[in-house]
There are 2 protein chains.
Amino acid sequence: MKLRLLFLFIPILGIAQKPEKKNYQYINPIIGTQRMGHTYPGATVPFGSVQLSPDTDSISYELNKKYNGKVYEYCAGYQYEDKTITGFSHTHFSGTGHSDLGDFLIIPTTGKLQLNPGTADNPASGYRSSYSHTNETALANYYKVKLDDHNIIAELTTSQRVGHHRYTFPKAEDAHIILDLMAGIYNHKDKNVWTFVRVENDTLITGYRQTQGWARTRTVYFAMAFSKPIKNYGAAKYDENNIYNGFWRKFDQTKNFPEAAGHNIKMYFDFETADNEQIQIKFALSPVSTNGAIANMQQEIPHWDFNKTRKAGELLWEKELDRIKVETITEDDKVNFYTAMYHAFINPTVYMDIDGSYKGLDQNIHKANGFTNYTTFSLWDTYRALHPLFNIVQPKRNADMIQSMLSHYSQSVHKALPVWSHYANENWCMIGYHAVSLIADAVVKGNANFDTQLALQACINSSNLKYYDGIEYYLQYGYVPEDKNGSSVSKTLEYAYDDWCIAQIAKKLNNTTVYNEYMKRSQSYKNVSDASIGFMRPRLSDGSFKQEFDPLDTHGQGFIEGNAWNYSLYVPHDVEALVTMNGGKEKFTQHLDSLFTMTLPDKYFENTEDITRDGIIGNYVHGNEPSHHVAYLYNWTGHPEKAQQRIRMILDTMYRPKPDGLGGNDDCGQMSAWYIFSSLGFYPVTPGSDHYSFGSPKIKEAVLNLENGKSLKITARNQSAKNVYVSKIELNKQILNRTYITHEEIMNGGELIYYMTNKAGK
Amino acid sequence: MKLRLLFLFIPILGIAQKPEKKNYQYINPIIGTQRMGHTYPGATVPFGSVQLSPDTDSISYELNKKYNGKVYEYCAGYQYEDKTITGFSHTHFSGTGHSDLGDFLIIPTTGKLQLNPGTADNPASGYRSSYSHTNETALANYYKVKLDDHNIIAELTTSQRVGHHRYTFPKAEDAHIILDLMAGIYNHKDKNVWTFVRVENDTLITGYRQTQGWARTRTVYFAMAFSKPIKNYGAAKYDENNIYNGFWRKFDQTKNFPEAAGHNIKMYFDFETADNEQIQIKFALSPVSTNGAIANMQQEIPHWDFNKTRKAGELLWEKELDRIKVETITEDDKVNFYTAMYHAFINPTVYMDIDGSYKGLDQNIHKANGFTNYTTFSLWDTYRALHPLFNIVQPKRNADMIQSMLSHYSQSVHKALPVWSHYANENWCMIGYHAVSLIADAVVKGNANFDTQLALQACINSSNLKYYDGIEYYLQYGYVPEDKNGSSVSKTLEYAYDDWCIAQIAKKLNNTTVYNEYMKRSQSYKNVSDASIGFMRPRLSDGSFKQEFDPLDTHGQGFIEGNAWNYSLYVPHDVEALVTMNGGKEKFTQHLDSLFTMTLPDKYFENTEDITRDGIIGNYVHGNEPSHHVAYLYNWTGHPEKAQQRIRMILDTMYRPKPDGLGGNDDCGQMSAWYIFSSLGFYPVTPGSDHYSFGSPKIKEAVLNLENGKSLKITARNQSAKNVYVSKIELNKQILNRTYITHEEIMNGGELIYYMTNKAGK
């Protein structure tokens with residue numbers, strides 16, 4: 001009897017008590033979708049292969065000029081201020097500054113069949129629909145919106161490789177689901193290389209699309225299942241030339257003909273719906289084949305229970321978020337934190353079928369044996385903080401990512417590690433060979449579950465690829481001469497750091513010869529330092545410095561996406577020398593102060609992608625990566641309190657829980673990783689070393705639940721918005737009289753306590 | 001001492017005796033290369049996946065009109081009258097009337113690098129070279145020619161999947177080998193869909209080319225090895241638009257850059273050569289991947305011994321030719337016979353990697369388990385005699401070909417058997433669903449080592465594919481109405497025959513329901529017979545015959561590639577009824593006589609591909625397929641002597657051992673199979689029955705060495721050019737008082753004797 005009562009009471013208590021809010025419920029995918037964050041609001045699971053998200057426009061890059069550079073805004077397909085949605089596509093980058101993808105756009109419609117998107121001004125001119133944010137919900141692995149023009153509720157969720165759509169229709173004799181295989185992000189009239197579609201039966205479609213874009217040779221295969229049989233269907237082909245083949249002579253291929261192929265194809269599927277009838281779609285992707293996509297679908301979502309798919313994805317997010325449990329000063333801080341974790345755990349993405357098959361850089365099918373294969377390596381961005389973060393909270397995945405990069409290397413005809421790689425392609429974006437930083441960071445931190453000798457060889461090869469970005473000259477002159485190869489200073493500085501990373505790997509592997517060689521190379525940054533002006537400065541092949549030079553300008557001064565003020569601080573592997581080189585601690589402190597407090601007029605960056613007013617504090621550019629370590633440099637000048645103040649200010653101003661809350665492109669999680677580290681109170685200024693430099697924590701409490709079974713509890717005593725300074729730090733009850741914590745200390749767990757105050761100390 | 005002498009004598013005797021000429025030495029690949037044979041002179045092994053052959057021009061089909069329909073002449077890439085060679089490509093159809101392929105054209109040159117072919121009038125304007133037939137040798141699996149403009153001797157040979165080139169250069173500092181990935185047969189500016197090339201190292205190139213042409217989605221992968229390291233190399237890209245990707249910003253991709261991709265690419269490789277230095281190339285193909293191509297190369301030709309490759313191919317030919325050993329009246333007859341066997345044993349071609357992997361119709365990679373997968377099914381042609389020939393002399397291959405067709409069926413989204421299929425594509429060329437004839441012929445003849453129930457279902461599906469070529473109307477009206485679907489009479493007649501074939505399969509499988517249904521369908525030919533004029537005639541959907549009608553004209557009269565005179569005789573499964581329908585034996589005999597003796601003016605066929613003056617005797621068209629059985633019909637009218645006379649006349653006039661020796665397109669071996677059968681004295685008028693109708697043998701003696709271990713010796717007593725009549729036939733010493741021999745009789749072996757005479761009897 002008592003037991004019975006107990007059972008009855010539990011649910012009642014459950015209702016009575018306000019249930020604890022799960023961490024994934026703090027994820028707000030809308031953050032960063034307005035202005036320059038370039039995130040997408042749609043559904044995905046952690047590191048998911050499918051990113052099913054609404055697109056609000058698809059300005060082609062032919063039209064880019066006409067639309068005043070608008071294509072750049074659509075890197076993730078969605079802009080919060082737009083009033084219409086063109087449809088829901090299955091692949092999106094998160095936070096990139098150049099783009100691609102947007103594969104397989106689906107839009108449900110009612111009324112007259114229209115196969116073109118129409119215009120935002122007049123959505124009735126096409127298949128797109130108006131929508132409003134009041135009818136929009138974006139949660140972890142769940143997106144919902146009402147398509148006003150079609151009176152359809154659209155809901156999206158995903159598994160690892162499958163997008164799950166649920167559309168609630170009105171009563172309609174003319175309901176359609178359109179599959180636009182021409183739509184895409186950063187589109188171009190010649191982007192579609194080939195499209196192939198088969199209507200296997202009245203509920204299953206298969207096919208693939210090959211594009212040339214940022215990725216030069218990219219093919220994505222799909223299988224699309226409907227919960228309800230198609231009534232009629234059709235294909236429209238928009239090719240300029242229809243090459244002779246028997247199809248054209250034999251068949252009406254436009255209606256109920258079960259296959260289509262060509263450059264430019266759109267499909268539509270007709271249904272008759274009752275009021276509130278739901279039609280679901282499972283849309284599986286594969287990098288390998290349509291059979292692979294079918295298998296992915298059958299194994300990942302064998303049912304038609306949309307809520308089950310959604311719930312499974314939420315649980316995956318919860319599991320990943322459990323790796324860091326935080327308590328924050330405000331609820332907004334918690335939204336910021338977990339949304340940052342969400343954005344950090346979106347990329348790289350898993351790139352293989354459920355059986356481990358994937359397409360390699362050599363376009364052959366490979367099998368990932370003993371590891372998970374990943375793609376989307378935005379390494380110029382993510383080597384800085386994202387992968388160091390993974391070495392703490394996602395070590396297994398990080399080792400697999402490096403294994404994926406080593407596979408890339410093995411498949412590379414250049415025998416080079418990835419630079420910016422996605423979908424079995426190298427797009428060579430930005431500069432450096434920063435894959436070596438990831439490898440060094442993993443090796444130095446003991447997270448090297450891969451062939452380290454092979455990895456070292458891969459690093460050596462990558463750093464000697466003579467025809468790549470001035471390396472030939474870098475080896476010859478000790479710097480990249482600006483007259484031989486542009487952005488020469490940025491390249492020289494980043495190569496120098498990368499070379500230091502290679503030296504660290506060699507050191508760990510007891511390879512003294514390589515260590516010595518690369519330590520020497522790592523000093524090359526000195527070759528572009530002009531002591532007379534206190535800036536790094538482009539040098540010519542005759543040894544002289546470039547005459548015309550403006551250290552404020554981001555255009556044509558020997559730097560890429562940055563000016564001399566910011567880039568001259570880029571010697572992360574030799575900060576002490578940098579300080580000395582710049583006149584010592586006090587002078588360097590003043591220099592840093594100036595950076596944060598001076599004004600950078602628009603004209604100095606208005607033609608530079610990835611730098612916008614949103615991301616600038618003084619002349620410090622947080623919206624782009626080269627200066628992400630800069631606020632921490634005060635730790636080397638005897639002014640950690642200045643680091644603390646600046647960092648807290650950046651945390652507060654560059655990350656806000658709003659659509660326009662990100663100060664710049666999230667860059668595949670790098671901006672978010674900066675937030676996570678800095679919120680916890682430390683940051684990897686020098687990936688490849690085992691040090692993390694202290695800043696000013698923003699959390700009240702955090703618990704890192706580590707894969708090794710240990711946990712580190714981080715507490716910020718007297719934490720508040722005003723108490724931005726750290727007066728004392730204790731690790732496991734020992735006071736730390738230094739400005740850094742080591743990786744080993746973190747991984748050994750225990751308790752780290754910051755004592756916060758509003759008084760700046762040293 | 002005596003023994004020693006003996007050893008010494010043997011070689012001396014060997015030299016003294018003229019060595020017996022091997023059968024393969026009678027192969028003359030030049031036959032059919034002039035005018036309309038559409039054969040190619042290059043190197044291949046039996047059913048070889050690679051057909052390495054010179055191309056003399058590549059008129060694109062945009063230029064076709066300007067060049068007066070010349071593209072049609074280049075179906076096999078080579079025209080004997082041409083004075084220049086553009087290069088050597090690796091894939092060719094033999095004898096087709098439409099075309100495709102010509103993949104991976106290679107040309108060695110010296111002097112200034114030129115990447116365009118130049119013109120035939122001025123070969124110095126490009127890479128092409130003059131040549132003369134006096135410096136040309138074409139043998140089984142060996143082709144040799146001197147490229148006069150470059151002073152290079154080119155030699156070609158092959159294994160199953162690898163082309164082996166040997167080029168003998170003069171002394172040259174500027175020797176080049178060009179790989180033109182834009183060249184092709186039946187070319188078009190938009191034909192190349194994608195090209196991908198990697199220079200793996202200084203002796204190995206890999207890549208692939210995807211084209212849209214006759215095959216809509218066709219990809220061929222390759223691996224190319226050089227016997228000597230490349231000195232320098234480069235790529236030229238001819239795309240109209242270069243879509244943004246980082247390559248263009250980072251690299252000079254034109255020289256010594258190891259990868260290239262785009263629509264239109266050409267590669268060149270530079271060498272320095274000593275006088276008479278030989279550079280060899282091994283060029284492996286794969287339908288699956290570049291790794292597959294590399295494996296094919298490594299396993300098939302692990303060496304650089306050109307002569308060894310050549311010899312191995314010759315032995316393969318010798319082994320295949322051994323299946324029929326003939327003695328003929330003249331040496332020319334033997335050349336004709338073994339060249340016909342050569343052309344019959346070129347197609348279909350093996351289509352899988354050495355490990356059995358191949359790309360299927362669904363674009364997925366499949367494995368051929370327990371069979372060899374073939375492609376290039378020109379079924380409207382080859383069901384008539386080529387596959388019946390295979391059922392006698394290549395039964396294992398024929399069963400595998402049917403297994404390949406069943407795989408095609410399983411992979412087909414239409415669930416249909418192939419019509420005209422090549423390289424994982426259906427090109428739907430010509431009419432009918434004649435795959436059912438191959439299946440019936442194999443089932444009836446007991447050569448059905450495949451799933452016969454699956455095969456029957458495949459036949460039933462194929463014959464009910466409503467949207468295919470008027471089948472919907474055929475099922476509704478009992479004929480294809482001309483106002484609903486063109487070439488209606490040809491379709492009705494061929495469907496009726498095909499349906500009879502399906503009935504034969506059902507009969508063999510004891511499926512009475514299907515048998516009865518399809519026997520009924522097989523009578524549909526009667527629905528297009530207009531007794532009032534004695535011709536088959538197009539009928540409209542209202543039941544009336546089309547008013548305007550000219551039984552001589554091949555244009556727009558309800559027939560395809562034929563006129564009513566020829567096509568009205570197409571009831572191969574019910575010849576007795578046909579004779580009756582046409583007024584009985586004597587009237588029908590006169591009708592046949594008229595066919596062979598009347599005149600068909602040019603205007604009646606001048607716009608019809610595949611019909612040319614070369615292939616016409618009276619109004620009988622031997623140069624195209626629909627009438628191939630017609631001369632044998634005299635056996636049903638009580639005038640076998642007329643059959644004998646006509647057949648011998650056709651053998652003598654339509655097949656001559658000269659470049660222009662073929663009376664029409666060889667059509668993947670069908671013309672040649674007709675020659676082989678008819679030379680042996682019998683022909684499969686009705687594939688799907690086990691009867692072969694007697695004609696007039698042309699051989700003196702033939703031995704069929706059968707796979708079952710038995711052999712049939714065929715002797716034509718008193719054989720001579722004049723003795724074209726058969727007075728008596730004995731099978732195993734029993735006189736055959738009938739006009740046919742059965743398949744079982746042939747396969748049981750023994751001796752078949754024809755008694756030849758110059759007197760026409762009955």
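Below, chains carry the letters A, B, ... as their sequence lines are ordered, and counting in each starts from 1. What you see below is based on every heavy atom in this structure, not just the backbone, and it leaves out hydrogens, waters and symmetry mates. Since the structure is predicted, the reported quantities are computational estimates derived from the model, not experimental observations.
- When all heavy atoms of B:G213 and A:N245 are compared, the closest pair comes out as O-CB, 3.4 Å.
- Looking at B:Y468, both its backbone and its side chain come within 4.5 Å of chain A, counting heavy atoms on both sides.
- Proximity to chain B is absent for every atom of A:S487, based on heavy atoms less than 4.5 angstrom apart.
- For A:F247, the parts lying near chain B are the backbone and the side chain together; criterion is any non-hydrogen pair under 4.5 Å.
- Residue B:V199 touches chain A through its backbone alone, counting heavy-atom pairs closer than 4.5 Å.
- Residue A:K415 does not touch chain B at all, counting heavy-atom pairs closer than 4.5 Å.
- With a 4.5 Å cut-off on non-hydrogen atoms, B:S286 does not touch chain A at all.
- Counting heavy-atom pairs closer than 4.5 Å to chain B, the top-ranked of the candidates A:A215, A:G207, A:G486, A:P258 is A:P258.
- Most heavy-atom pairs under 4.5 Å with chain A, from the set B:E240, B:K189, B:Q411: that is B:Q411.
- The backbone N or O of B:N364 sits nowhere less than 3.5 Å from a side-chain atom of A:N291 that would complete a donor-acceptor pair.
- Contact tally against chain B (heavy-atom pairs below 4.5 Å) for A:Y221, A:W420, A:Y467: the top residue is A:Y467.
- Listed by sequence position, A:E426, A:N427, A:W428, A:M430, A:I431 are the residues of residues 426-433 of chain A in contact with chain B, using a 4.5 angstrom heavy-atom cutoff.
- Note that the CD atom of B:Q212 and the CG atom of A:D239 stand 6.5 Å from one another [nearest 0.5 Å].
- Counting heavy-atom pairs closer than 4.5 Å to chain A, the top residue among B:E259, B:H98, B:H263, B:R249 is B:E259.
- Heavy atoms of A:D362 lying under 4.5 Å from chain B belong to its backbone as well as its side chain.
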- Assess whether side-chain contact (heavy atoms from CB on, under 4.5 Å) is satisfied between A:W194 and B:R216, documenting all intermediate values. CA-CA 10 Å; A:W194 201 245; B:R216 198 177 53 179; 4.3 Å; yes
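- The salt bridge (Lys or Arg N to Asp or Glu O under 4.0 Å) pairs that include a residue from residues 197-209 of chain B are B:D103-B:R209, B:R198-B:E200, where partners are two or more places apart or lie in different chains.
- Atoms CZ and NE2, from B:F251 and A:H414 in turn, are 6.0 Å apart once rounded to the nearest 0.5 Å.
- Taking CD from A:Q210 and OG1 from B:T219, the interatomic distance works out to 8.0 Å, rounded to the nearest 0.5 Å.
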